[in-house]
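Structure record follows, encoded as structure tokens.
Just so we're on the same page: letters track the sequence lines, and every chain starts at 1.
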Amino acid sequence: GQQLNQSPQSMFIQEGEDVSMNCTSSSIFNTWLWYKQDPGEGPVLLIALYKAGELTSNGRLTAQFGITRKDSFLNISASIPSDVGIYFCAGHSGGYQKVTFGTGTKLQVIP
Amino acid sequence: ETGVTQTPRHLVMGMTNKKSLKCEQHLGHNAMYWYKQSAKKPLELMFVYSLEERVENNSVPSRFSPECPNSSHLFLHLHTLQPEDSALYLCASSLRPQLDAFFGQGTRLTVV
């Protein structure tokens, strides 16, 4: 089956620093999604990418759909304490194929 | 508040109990899902309903029984669960199948 490798698994950063995380797949996806999950809450969709090479921003967040369609990147600029949480990537092959989720990157911000 | 509401938020049940999880959305979405989230594992899709018909059942044990009476409500009926079934159960809905899903806050289930 499809697998998504997300890295890093966890990271500690200083407030104000930029953050990068990525997701790689053994197979091609048509859509990449990035979610954030706060403790005790469900995941919230941050950015959706629908086209290879696409670069999309949502405030301080920027995500890119890799040219090979097998990877995606999420960058957070000028991190703040409320960025703490677990970030999940997810890929979708199309139609009624299920969405495959990564294992998550746990982000902790040191004030 | 994402528009998807799950109740209860927390549930502790014995292995011989029968309980139900409830999910409600008023976003006008056509598809609803149940996911299981266990520690250090990716989100696992359990069931997909599209227009109130089950379109996917990912080899989920029969002790989990979903029900979708209408496009706004989804239930997960639980009976004779095992301790390893303890997890966060998330409901989600979307306008298009599997994409742009809005998640509920989840039900933290503990089986004792």
Side-chain angles (χ1 to χ4, degrees), chain A residues 1-10 21-51 54 56 58 63 65 69 72 85-106, chain B residues 1-10 21 23-25 27 29-51 53-60 74 87-109:
Chain A
Q2 294 169 325
Q3 289 185 322
L4 286 184
N5 297 310
Q6 199 169 338
S7 65
Q9 285 189 336
S10 64
M21 58 190 79
N22 68 79
C23 207
T24 58
S25 169
S26 56
S27 51
I28 289 171
F29 288 114
N30 293 330
T31 302
W32 282 96
L33 308 165
W34 283 94
Y35 288 86
K36 181 193 177 196
Q37 186 172 21
D38 292 327
E41 304 289 332
V44 174
L45 181 64
L46 299 173
I47 294 178
L49 303 159
Y50 302 107
K51 190 176 174 183
E54 180 182 351
T56 298
N58 178 4
F65 192 141
R69 294 166 61 195
S72 181
I86 301 177
Y87 291 80
F88 291 97
C89 63
H92 185 239
S93 302
Y96 277 96
Q97 293 297 314
K98 65 178 182 179
V99 172
T100 302
F101 281 83
T103 50
T105 293
K106 185 175 183 179
Chain B
E1 176 60 51
T2 65
V4 180
T5 304
Q6 286 185 247
T7 54
R9 292 293 307 276
H10 300 273
L21 310 185
C23 178
E24 189 172 348
Q25 62 91 7
L27 300 170
H29 289 168
N30 300 318
M32 296 187 77
Y33 319 88
W34 280 115
Y35 281 89
K36 177 184 179 183
Q37 187 175 36
S38 305
K40 299 185 180 179
K41 291 176 69 176
L43 276 164
E44 300 172 57
L45 179 64
M46 300 174 72
F47 301 105
V48 179
Y49 276 83
S50 178
L51 299 172
E53 285 192 25
R54 191 191 311 181
V55 296
E56 187 156 347
N57 174 354
N58 279 333
S59 303
V60 180
L74 185 66
L88 182 68
Y89 288 84
L90 291 160
C91 171
S93 70
S94 68
L95 193 57
R96 296 175 292 173
Q98 304 267 14
L99 291 179
D100 302 3
F102 285 76
F103 283 84
Q105 293 173 305
T107 294
R108 173 66 63 186
L109 174 68

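Using a 4.5 Å cut-off on side-chain heavy atoms (C-beta onward), B/L88 and A/Q37 make contact. For the pair A/P43/B/L90, a side-chain contact is recorded, criterion being any heavy-atom separation below 4.5 Å from C-beta on.
For the atom pair B/Q37 CD and A/F101 CZ, the distance stands at 9.0 Å (nearest 0.5 Å).
Between B/A101 and A/L45 the shortest heavy-atom distance is O-CB, 4.4 Å.
Proximity to chain B is absent for every atom of A/Q6, based on heavy atoms less than 4.5 angstrom apart. With a 4.5 angstrom heavy-atom cutoff, B/R108 does not touch chain A via any of its atoms.
Listed by chain and residue number, A/K106 satisfy the side chain to side chain contact (heavy atoms under 4.5 Å, CB included) test with A/S10 (two or more places apart in sequence, or in another chain).
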